[in-house]
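Predicted model, so just to flag it, every value in this text is computed and none were measured. In what follows, chains carry the letters A, B, and so on, assigned in the order in which the sequence lines appear, proteins first and then strands, with residues in each chain numbered from 1.
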Number of protein chains: 2
Amino acid sequence: MESCRSCLYNSALFEGLAEDELDYLAGFTHYLSFRKGETVFLQGEDIRYISFLKSGLLKVFKNAPEQKGQIISIAKPNDCVGLLSVFSNRRYQYSISALEDSVIYYVELSAVHHILRNNGDFGIRLLGRISKAADLIINTTYDIYRKNLRGRIAFILREFADDIYGSDQFELPVSRKEIGELIGMTTENVIRILSEFRRDGLISMQGKSVSILNKALLRTLEKFA
Amino acid sequence: MESCRSCLYNSALFEGLAEDELDYLAGFTHYLSFRKGETVFLQGEDIRYISFLKSGLLKVFKNAPEQKGQIISIAKPNDCVGLLSVFSNRRYQYSISALEDSVIYYVELSAVHHILRNNGDFGIRLLGRISKAADLIINTTYDIYRKNLRGRIAFILREFADDIYGSDQFELPVSRKEIGELIGMTTENVIRILSEFRRDGLISMQGKSVSILNKALLRTLEKFA
DNA sequence: CGCGGCTTTGATGTTCATCAAGTAAAGTGG
DNA sequence: CCACTTTACTTGATGAACATCAAAGCCGCG
């Protein structure tokens, strides 16, 4: 399938592979579309694919019995979802659902294993990518929990603006409650501090629309609060 | 060097390698001893080896400018130290120092790369180990920050007993301050809660000697507090 | 139309960090 | 080896940060 072939080619994960290797993988690749809100897979399901997000936005979370701080990360296009689980567990350690309409490509794990066996350099690059992903999650987690609540909100606002939307104006793809789960605070305090930021002229906001007005101050808050 | 050869053979990291591959790696392996308190390496140093702990106990930490929550983990024998950084960064992202007298084996990274290039299955196993290590750190970190202070102390006491020493009586290898850095709380509160646990008959303790007296209750605290 | 989930604000209480002050232990130099 | 300094440990008092509880408005949906 030509579209799969070109998608693999564009994916950072498979960069450096030879033409024939990409062709081989393309034969074991398909994609699925998900509507906003739909579940992609659930924690505990069997892993049979390496999956990566082509377009849209996903949330990665632990579906623990109503606990807090259960959203691990937000995946954006070209992220490999569940990469950490893929090689260490037979089953997913996280659940994934779509925050926006999304398209996900699936490459059969057995086919990736086949390439890995014959191409050690690909393995080395994959090791690098997985380590970097893990490093990032670990560092981010420690960072967030060192900050006070204002710092956490500042952090997540800047992350949406810079890393996800590339713009200081955006629509929040998540509820206040989900923001709370993402950065470890209660819904009420998320709302309180967002309101406070609006009162102080740091942001403007109505519903899920947010504009960042004073990014410099936001960055300062993120660091020193 | 025969001792290196047999050590590699016993290390879980290299299991599944052929005789000649182990021989090859042994030629690029050496070991060093560290006294309690000595620095093994510092965050920012160049990575040239895959290193694993043969005996002793290490602490893995961020040497941020006096911040809290800066100890990432405690490494015990057969753990690969800095494994997460090895494939993703040229320099260590963490510092390591010895909590007890320790012996560390070093395998030259270039030699490991050489094996990886020619043995894809080794790469797959390494991917699994790295993913598992990352998964564990991430899960543990989230777990700890969900708990209240009593739960955190209960957690770390059980971890020392079960995972590190395999006994309900042990000598703490770390100061109260370091416990605080490990589980994200102040030194004073570490002491307060340890004292409280002693008053309530959960543990007995003098100096760094600890005996766990009521493990069931400790486990309950760990879960529901 | 009414129900449930999301949002918002205020009041209250708990948990935890900070500050302070003192004792014990451990290293250091004469 | 002893005075001296520093570092670790301990307890109590205080205050700040944050969660919890409560109540009301809002919105989408069956």
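Looking only at distances, a side-chain donor or acceptor of B:Thr29 sits under 3.5 Å from a matching main-chain atom of B:Leu25. In this structure, the side chain of A:Asn189 does not engage the main chain of A:Met185 through any donor-acceptor pair within 3.5 Å.
Residue-level contact check: B:Ser175 touches the backbone only, with heavy atoms under 4.0 Å from sugar-phosphate atoms and none from bases. A:Ser195 comes within 4.0 angstrom of the backbone, heavy atoms only, and of no base.
Checking D:dC9, D:dC18, C:dA17 against the side-chain heavy atoms of B:Arg176 singles out D:dC9 as nearest. Listed candidates were C:dT9, C:dA17, C:dA20. Nearest to the side chain of A:Ile191 is C:dT9. Here the nucleotide nearest the side chain of A:Arg192, chosen from C:dG10, D:dA19, C:dT7, is C:dG10. Comparing C:dC6, C:dA17, D:dA19 by their nearest atom to the side chain of B:Asn189 picks out C:dA17. With C:dA17, D:dA19, C:dC6 as the candidates, the nucleotide lying closest to the side chain of B:Leu149 is C:dA17.
Rounding to whole angstrom units, CG of residue A:Leu172 and P of C:dT8 are separated by 10 Å. A:Tyr145 has its OH atom 14 Å from the P atom of C:dC16, to the nearest Å. Protein atom NZ of A:Lys177 is 15 Å distant from nucleotide atom P of C:dT8, rounded to whole Å. Distance, A:Arg198 CZ to C:dT9 C1': 12 Å, rounded to whole Å. With rounding to whole Å, B:Glu196 atom CD is found 11 Å from C:dC16 atom P. As a whole-Å value, the separation of A:Lys36 NZ from D:dG28 P is 12 Å. Between A:Glu181 atom CD and C:dG5 atom P the separation is 14 Å, expressed in whole Å. We find that CD of A:Glu188 is positioned 14 Å from C1' of D:dA24, with the value rounded to whole Å.
Within residues 199-214 of chain B, the residues approached by DNA chain D to less than 4.0 Å at the level of any non-hydrogen atom are B:Lys208, in residue-number order.
No side-chain heavy atom of A:Val210 sits less than 4.5 Å from a side-chain heavy atom of A:Tyr165.
Around atom NZ of A:Lys36, no more than 12 heavy atoms belonging to other residues, nucleotides or ligands sit under 6.0 Å away.
Screening A:Leu58, A:Leu57, A:Ile164 against A:Leu99 for a side-chain contact (heavy atoms from CB on, under 4.5 Å) leaves a single residue, A:Leu57.
Ring-plane geometry between A:Phe160 and A:Phe170 is classed as tilted, the angle between the planes lying from 30 to 60 degrees on a 0 to 90 degree scale.
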Using salt bridge (charged side-chain N to carboxylate O under 4.0 Å, His left out), reason through B:Lys215 and B:Asp162 one step at a time and then give a plain yes or no. CA-CA 11 Å; B:Lys215 204 160 186 178; B:Asp162 293 350; 2.6 Å; yes
